[in-house]
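Note that these values count all heavy atoms, side chains included, but never hydrogens, waters or copies made by symmetry.
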Amino acid sequence: MSEEVPVHANDILVLIVVSILGGFLLAAWTLPPALAFDFAVSVLAGTVLMAFLLFIPVMGVRLFIDDYRDDGSSG
């Protein structure tokens with residue numbers, strides 16, 4: 001499979017937003033939300049975990065959307 005997948009700025013923006021929200025939800029699930037160092041570290045760890053795990057699914061969804069748009073415009 002030699003087809004390259006270009007990464008667009010919108011893809012990275014969606015990944016960042018989803019990762020931050022997911023990181024906050026993971027942190028809130030494990031610790032009570034508070035303005036504390038432990039909660040901030042938990043949010044950061046959750047955000048990194050979400051970004052790592054969601055990069056491929058976000059890119060896959062974008063590829064499916066691009067394929068759908070290409071099929072709709074050609075047919």
Side-chain angles (χ1 to χ4, degrees):
M1 188 162 117
S2 63
E3 184 178 326
E4 292 184 16
V5 178
V7 178
H8 300 294
N10 290 341
D11 303 334
I12 300 300
L13 184 64
V14 168
L15 182 64
I16 289 170
V17 169
V18 170
S19 295
I20 290 173
L21 291 175
F24 184 80
L25 289 174
L26 282 174
W29 184 38
T30 58
L31 294 172
L35 290 175
F37 182 73
D38 291 341
F39 186 72
V41 169
S42 184
V43 169
L44 180 63
T47 300
V48 170
L49 178 70
M50 294 296 287
F52 178 74
L53 294 177
L54 290 178
F55 180 75
I56 292 174
V58 165
M59 295 302 295
V61 167
R62 203 243 324 144
L63 285 175
F64 283 122
I65 290 171
D66 285 350
D67 286 345
Y68 178 75
R69 286 181 185 163
D70 289 344
D71 289 344
S73 64
S74 64

Residues clustering with [X] (ILVMFWY side chains joined when closer than 4.5 Å, directly or via others):
X	result
Leu25	none
Ile65	Val61
Val17	Leu21

Would you be so kind as to tabulate the donor-acceptor pairs closer than 3.5 Å made by side chains of residues 35-60, with sequence neighbours excluded?
from, atom 1, to, atom 2, distance (Å)
Thr47, OG1, Val43, O, 2.8

Using atom types as modelled, flag every donor-acceptor pair under 3.5 Å from a side chain in residues 26-33 to any protein atom, sequence neighbours excluded.
from, atom 1, to, atom 2, distance (Å)
Thr30, OG1, Leu26, O, 3.2
Thr30, OG1, Ala27, O, 3.1

query = When hydrophobic residues are tied together by side-chain contacts of less than 4.5 Å, even through go-betweens, does Ile20 share a cluster with Val18?
reply = yes
